Each structure stands twice: as structure tokens, then as C-alpha cells.
Asker: 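Right, I'll just put the structure down here and ask away after.
Note that this is a predicted model, so its numbers are computed, not measured.
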Amino acid sequence: MGLRKNVEVRAKDVIKRRLGTGVPVVPFEDPYLVVAVLGQSNAHGAGVGIDREGLDAPHPRVHQWAASGRSKDTIVAGCDPLFHEVPSKAVGFAPAFARKLADSSGRPVLLVPYARGDSAFARVGGVSWDPADRGARLNLFWNGMERISSALATQQGSELVAVLWHQGESDVPLTSGPVYAEKLDNVIDTVREEFGDVPFVIGQMVPDEIESGHPDYPVIDAVHRDTPRRRTGVVFVEGPKGMYNSETEKIHYNAAGQRELGARMWRAYAAASPVRGE
């Protein structure tokens with residue numbers, strides 16, 4: 001990204017972070033099941049076709065700890081679009097996952113959205129997911145850790161029960177498979193050092209993009225698939241085919257694809273982990 005373009009993007013982000021207000025809710029007095037949402041644009045929510053009054057409407061037991069907008073550092077409804085580091089505008093997979101968790105457990109769920117489009121372990125525009133990159137202008141990993149800690153502090157007894165990870169597209173042309181695996185394992189290990197043996201759910205990049213995009217897509221996809229072998233308590237979830245925004249934007253799941261991916265992530269998580277509250 002050129003210097004001028006980078007400055008323009010950063011200026012727009014400053015404005016976006018100040019805008020938007022979440023749907024007001026009364027925070028639960030019971031402890032939350034906390035779910036962190038980390039990664040890049042598909043985790044951020046890029047699915048076209050939001051249904052605010054229907055499929056994407058607020059769920060009574062799903063809230064979010066807003067990271068931006070006028071609602072920053074408050075608990076609001078956990079419906080799309082979520083308030084990540086920059087507010088989203090579209091549908092992501094996390095609310096679908098959270099609704100399933102809330103319904104199955106009977107417990108309140110608190111999403112911690114902290115994803116950002118076009119972000120990688122490699123520095124992109126001074127931004128990085130690499131826990132070891134302390135020199136980045138914006139280290140999303142360590143900021144995300146702070147968001148998780150502050151969310152847990154909102155209600156005594158709350159626990160981090162899952163990390164939903166969807167990232168890799170920006171690293172495809174920049175990072176080798178072995179280096180990506182090392183960085184992802186470091187993310188998992190560092191989160192667990194702080195918050196205990198937290199389950200990780202890794203969603204697949206859009207299969208159609210993997211097949212038709214950059215030739216190194218299968219390399220990062222293979223790392224994602226192999227993560228459950230390298231680390232316990234991790235599940236890899238294949239994404240739905242043919243459910244992307246358009247022929248010119250296969251990199252992002254559409255709204256239906258995001259909801260389907262969230263449901264698949266839930267089923268994989270529930271099969272591998274005890275559902276809290278049952």
C-alpha cells in the first residue's frame with residue numbers, strides 16, 4: 001500500500017472508530033461465557049446481505065463488549081454489524097456461533113470482537129497480528145488480549161470459553177507456511193498462558209478463493225488444517241463452497257455463508273468441548 005493511500009485509510013479509520021452506536025441492553029448480572037473473535041475481514045464481518053430484523057436481529061442472551069464507536073467499552077447487543085477495532089458494516093460468523101452457544105447453555109454470552117480487514121502476521125500498513133512484533137504501529141494481538149481482559153472484568157466469574165480465529169488471506173503472498181504455523185502457534189500458546197486452556201476454532205478461508213486465488217493459498221490452508229495436530233484443543237472448520245459475495249469478491253463469504261460458517265464452527269466446538277451450563 002502506498003504512503004498516500006495508507007494515510008487516507010488511517011484517517012478514515014479514525015472517523016469510523018468514533019461512529020456508530022450499538023443496540024442498548026441491560027448487562028446480565030450472571031457471569032458471561034466470553035468468546036473472542038480475532039482475525040481479518042471475514043472475522044470482522046464482510047458478508048453482504050444483512051437482515052437486521054430477521055436472521056441477524058439481536059438475541060436476548062448475546063451481548064458484545066464494543067471496541068469502537070460511541071459504544072466503546074460498554075456492553076451492547078451482540079448482533080451484526082459488530083464493533084471491532086473499527087466498526088463492521090456487514091455480517092460475520094460470530095453472532096451465529098454465539099446464538100447457538102447461548103441457546104445450548106442457557107447462559108449469557110459476551111462476544112469480544114477484535115478483528116481487522118487486511119491484517120496479517122506480516123506487517124501490513126504498520127499493523128501486525130504477530131505477538132513478537134512489539135514495534136508495530138498497531139499490534140492487534142496485544143490489543144486483543146487487553147480487550148479480552150477488560151471484557152472478563154465486566155462481570156465477576158465470567159470465563160473465556162472460545163477463541164474464533166479467521167485469518168490468513170493477507171499472509172498468503174507474504175508469509176511461508178512454516179513461519180505462519182510458528183506465529184499461529186504462538187498466538188494460541190500466549191492466549192492460554194494468560195487465560196487457561198481455551199479452545200480455539202479456526203475457520204477456513206473461502207474455498208472458492210483458495211481454488212482460484214493466489215497459488216500459495218493452499219499453503220496457508222494446509223497450516224490451518226494441521227493446527228489440531230500441533231496443538232490440542234483446536235478444531236479446524238471447513239467453509240461452505242459457493243457462498244461468497246460476488247465473482248469479483250470471492251475472498252469474502254456472503255451473509256448466508258457467514259451464518260453457515262458460524263453454525264459449522266459451533267457444531268465443531270460443541271463436539272469437541274463441553275457446553276457450559278448444561
Asker: Does W129 share a hydrophobic cluster with V198, counting links as ILVMFWY side-chain heavy atoms below 4.5 Å and allowing steps through other members?
Answerer: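 In one cluster with W129: V198, yes.
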Asker: Atom OG of S246 and atom NE2 of H252: how far apart are they, to the nearest 0.5 Å?
Answerer: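 Here the interatomic distance stands at 10.5 Å.
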Asker: For Q155 and D30, which I'm curious about, is there any donor-acceptor pair between the side chains at under 3.5 Å?
Answerer: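 Their side chains do not contain a donor-acceptor pair, so the 3.5 Å distance test is not met.
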Asker: Which of these, L33, V37, V34, sits in a side chain to side chain contact (heavy atoms under 4.5 Å, CB included) with L111?
Answerer: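 In the set L33, V37, V34, the residue that makes a side chain to side chain contact (heavy atoms under 4.5 Å, CB included) with L111 is V37.
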Asker: The test is side-chain contact (heavy atoms from CB on, under 4.5 Å); show your working for C79 and V23 and say whether it passes.
Answerer: CA-CA 8 Å; C79 54; V23 178; 4.3 Å; yes
Asker: Specify the closest pair of heavy atoms between G39 and S119, including all atoms of both residues, with the distance to one decimal.
Answerer: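 Looks like O-OG, 3.5 Å.
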Asker: So, S71 side chain and T74 main chain: donor-acceptor pair closer than 3.5 Å or not?
Answerer: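 Side chain of S71 to backbone of T74: no pair is present.
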Asker: Can you tell me if Q64 uses its side chain to pair, donor with acceptor, with the backbone of A77 under 3.5 Å?
Answerer: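 Present.
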Asker: State the CD-OH distance between E209 and Y244, to the nearest 0.5 angstrom.
Answerer: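 Answer rounded to 0.5 Å: 10.0 Å.
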Asker: For L152 and L160, which heavy atoms make the closest approach, and how far apart are they?
Answerer: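 Answer, listing the atom of L152 first, then L160: CD2-N, 3.6 Å.
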Asker: Give, for atom OG of S170 and atom CD1 of I220, the distance between the pair rounded to the nearest 0.5 Å.
Answerer: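 That separation rounds to 11.0 Å.
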Asker: If only atom types and distance count, is the side chain of Q156 paired as donor or acceptor with the main-chain N or O of P31 below 3.5 Å?
Answerer: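 The answer is no, because no donor-acceptor pair under 3.5 Å joins these two groups.
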Asker: Step by step, would you call R123 with D130 a salt bridge (charged side-chain N to carboxylate O under 4.0 Å, His left out)?
Answerer: CA-CA 8 Å; R123 279 195 204 178; D130 184 358; over 6 Å; no
Asker: Hey, does P199 have a side-chain heavy atom less than 4.5 Å from the side chain of V235?
Answerer: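 Answer no - side chains too far apart.
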Asker: Is any side-chain heavy atom of V163 closer than 4.5 Å to a side-chain heavy atom of V187?
Answerer: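 Side chain of V163 against side chain of V187, heavy atoms only: no contact under 4.5 Å found.
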Asker: Say whether, by atom type as modelled, one donor and one acceptor occur between the side chain of R147 and the main chain of P113 under 3.5 angstrom.
Answerer: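 No, because the side chain of R147 does not come within donor-acceptor range (under 3.5 Å) of the backbone of P113.
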Asker: Verify, without hydrogens or angle tests, whether N42 (side chain) and Y253 (backbone) share a donor-acceptor contact under 3.5 angstrom.
Answerer: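 Judged by distance alone, yes, a pair lies under 3.5 Å.
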Asker: Are L138 and F141 linked, directly or through intermediate hydrophobic residues, by side-chain heavy-atom contacts shorter than 4.5 Å (ILVMFWY only)?
Answerer: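 Yes; L138 is reachable from F141 via cluster members.
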Asker: Should W266 and L164 count as side-chain neighbours, where that means a heavy-atom distance under 4.5 Å?
Answerer: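 Contact flag for W266/L164 side chains = no.
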Asker: Linking I/L/V/M/F/W/Y whenever their side-chain heavy atoms sit closer than 4.5 Å, directly or via other members, would V86 and I50 fall into one cluster?
Answerer: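 Different clusters.
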Asker: Are Q258 and P240 close enough that some pair of their side-chain heavy atoms sits under 4.5 Å apart?
Answerer: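 The answer is no, as the side chains (C-beta and beyond) never meet within the 4.5 Å cut-off.
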Asker: Can you confirm if the NZ or CZ of R134 lies within 45° of the ring axis of W142 and under 6.0 Å from the centre of its six-membered ring?
Answerer: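 Yes, cation above the ring, under 6.0 Å and within 45°.
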Asker: Would you name the heavy atoms of A96 and A263 that are closest together and state the gap between them?
Answerer: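 Heavy atoms only, the tightest pair is CB-N, 4.3 Å.
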Asker: Would F195 and M145 satisfy side-chain contact (heavy atoms from CB on, under 4.5 Å), going step by step from the backbone distance to the final call?
Answerer: CA-CA 10 Å; F195 301 111; M145 291 281 280; 3.7 Å; yes
Asker: CG of L38 to CD1 of I202: how many Å apart, nearest 0.5 Å?
Answerer: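 Reported value, rounded in 0.5 Å steps: 11.5 Å.
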Asker: Should the pair H166 and F93 be assigned to parallel (<30°), tilted (30 to 60°) or perpendicular (>60°) ring geometry?
Answerer: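 Ring orientation, 0 to 90° scale: tilted.
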Asker: Answer yes or no: is there a donor N or O on one side and an acceptor on the other, between the side chain of D80 and the main chain of D56, under 3.5 Å?
Answerer: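 Answer holds: no.
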Asker: Grab the two heavy atoms, one from V179 and one from T175, that are nearest each other, plus how far apart they are.
Answerer: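 Looks like CG1-CG2, 3.7 Å.
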Asker: Provide the closest heavy-atom pair for F83 versus A66 in the form atom of the first, atom of the second, distance.
Answerer: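 Heavy atoms only, the tightest pair is CB-CB, 3.8 Å.
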Asker: Between S88 and L82 (side chain of the first, backbone of the second, donor and acceptor by atom type, cut-off under 3.5 Å), is there such a pair?
Answerer: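 Checked: no pair found.
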Asker: Going through the checks in order, is the side-chain contact (heavy atoms from CB on, under 4.5 Å) test met by F28 and R61?
Answerer: CA-CA 8 Å; F28 282 91; R61 285 195 304 279; 3.8 Å; yes
Asker: Should the pair F97 and Y269 be assigned to parallel (<30°), tilted (30 to 60°) or perpendicular (>60°) ring geometry?
Answerer: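 Perpendicular: the ring planes of F97 and Y269 meet at over 60°.
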Asker: With a 3.5 Å distance limit and no angle check, can you tell me whether D208 reaches the backbone of G242 through a side-chain donor-acceptor pair?
Answerer: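 Indeed, once roles are kept as given, a pair shorter than 3.5 Å links the two residues.
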Asker: To the nearest 0.5 Å, what is the distance between CD1 on I210 and CD1 on I251?
Answerer: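 These two atoms lie 10.5 Å from each other.
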Asker: If you define the side chain from C-beta out and look only at heavy atoms, does anything of H59 sit under 4.5 Å from P95?
Answerer: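 SC-SC contact between H59 and P95 ruled out.
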Asker: Which heavy atom of V26 sits nearest a heavy atom of H63, and at what distance?
Answerer: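 Between these two residues, the closest heavy atoms are O-CE1, 3.5 Å.
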Asker: Considering only heavy atoms from C-beta outward, does the side chain of Y32 approach that of V109 to under 4.5 Å?
Answerer: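 No; the side chains remain at least 4.5 Å from each other.
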Asker: Are V206 and V91 connected, step by step, through hydrophobic side chains (Ile, Leu, Val, Met, Phe, Trp, Tyr) whose heavy atoms are closer than 4.5 Å?
Answerer: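 Different clusters: V206 never reaches V91 through Ile, Leu, Val, Met, Phe, Trp or Tyr contacts under 4.5 Å.
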Asker: Look at the side-chain heavy atoms of Ile, Leu, Val, Met, Phe, Trp and Tyr, link any pair under 4.5 Å apart, and say whether L184 and V234 land in one connected group.
Answerer: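 Yes, L184 and V234 fall within the same hydrophobic cluster.
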Asker: Going by an N to O cut-off under 4.0 Å, is there a salt bridge joining E169 and K250?
Answerer: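 No, this pair does not count.
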Asker: Please check this pair: side chain of E85 against backbone of L140, looking for a donor-acceptor N/O pair closer than 3.5 Å.
Answerer: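 Side chain of E85 to backbone of L140, a donor-acceptor pair under 3.5 Å: no, none is there.
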Asker: I want to check something: taking the side chain as every heavy atom from C-beta on, are V191 and F200 in contact at a cut-off of under 4.5 Å?
Answerer: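 They are in contact (side-chain heavy atoms under 4.5 Å apart), so the answer is yes.
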Asker: Before giving the answer on side-chain contact (heavy atoms from CB on, under 4.5 Å), spell out for K183 and D171 the whole-Å C-alpha distance, their side-chain angles and the decisive distance to 0.1 Å.
Answerer: CA-CA 11 Å; K183 303 298 185 184; D171 272 301; over 6 Å; no
Asker: One thing to verify: whether R230 and D226 come together as a salt bridge, which I'm taking to mean a side-chain N less than 4.0 angstrom from a carboxylate O.
Answerer: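 Answer for the salt bridge query: yes.
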Asker: Nearest 0.5 Å, please: how far is CZ in R70 from OG1 in T21?
Answerer: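 Taking OG1 in T21 and CZ in R70, the distance rounds to 4.5 Å.
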Asker: Please report the C-alpha distance between R267 and E238 in whole Å, then the side-chain angles of each, then the deciding distance to 0.1 Å, and finally whether the salt bridge (charged side-chain N to carboxylate O under 4.0 Å, His left out) criterion is met.
Answerer: CA-CA 12 Å; R267 290 194 293 269; E238 292 192 355; over 6 Å; no
Asker: Can you tell me if R192 uses its side chain to pair, donor with acceptor, with the backbone of D197 under 3.5 Å?
Answerer: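 Such a contact is absent between R192 side chain and D197 backbone.
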Asker: Side chains of Y180 and Q167: any donor to acceptor distance under 3.5 Å?
Answerer: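 There is such a pair (donor and acceptor under 3.5 Å, judged by atom type) between the side chains of Q167 and Y180.
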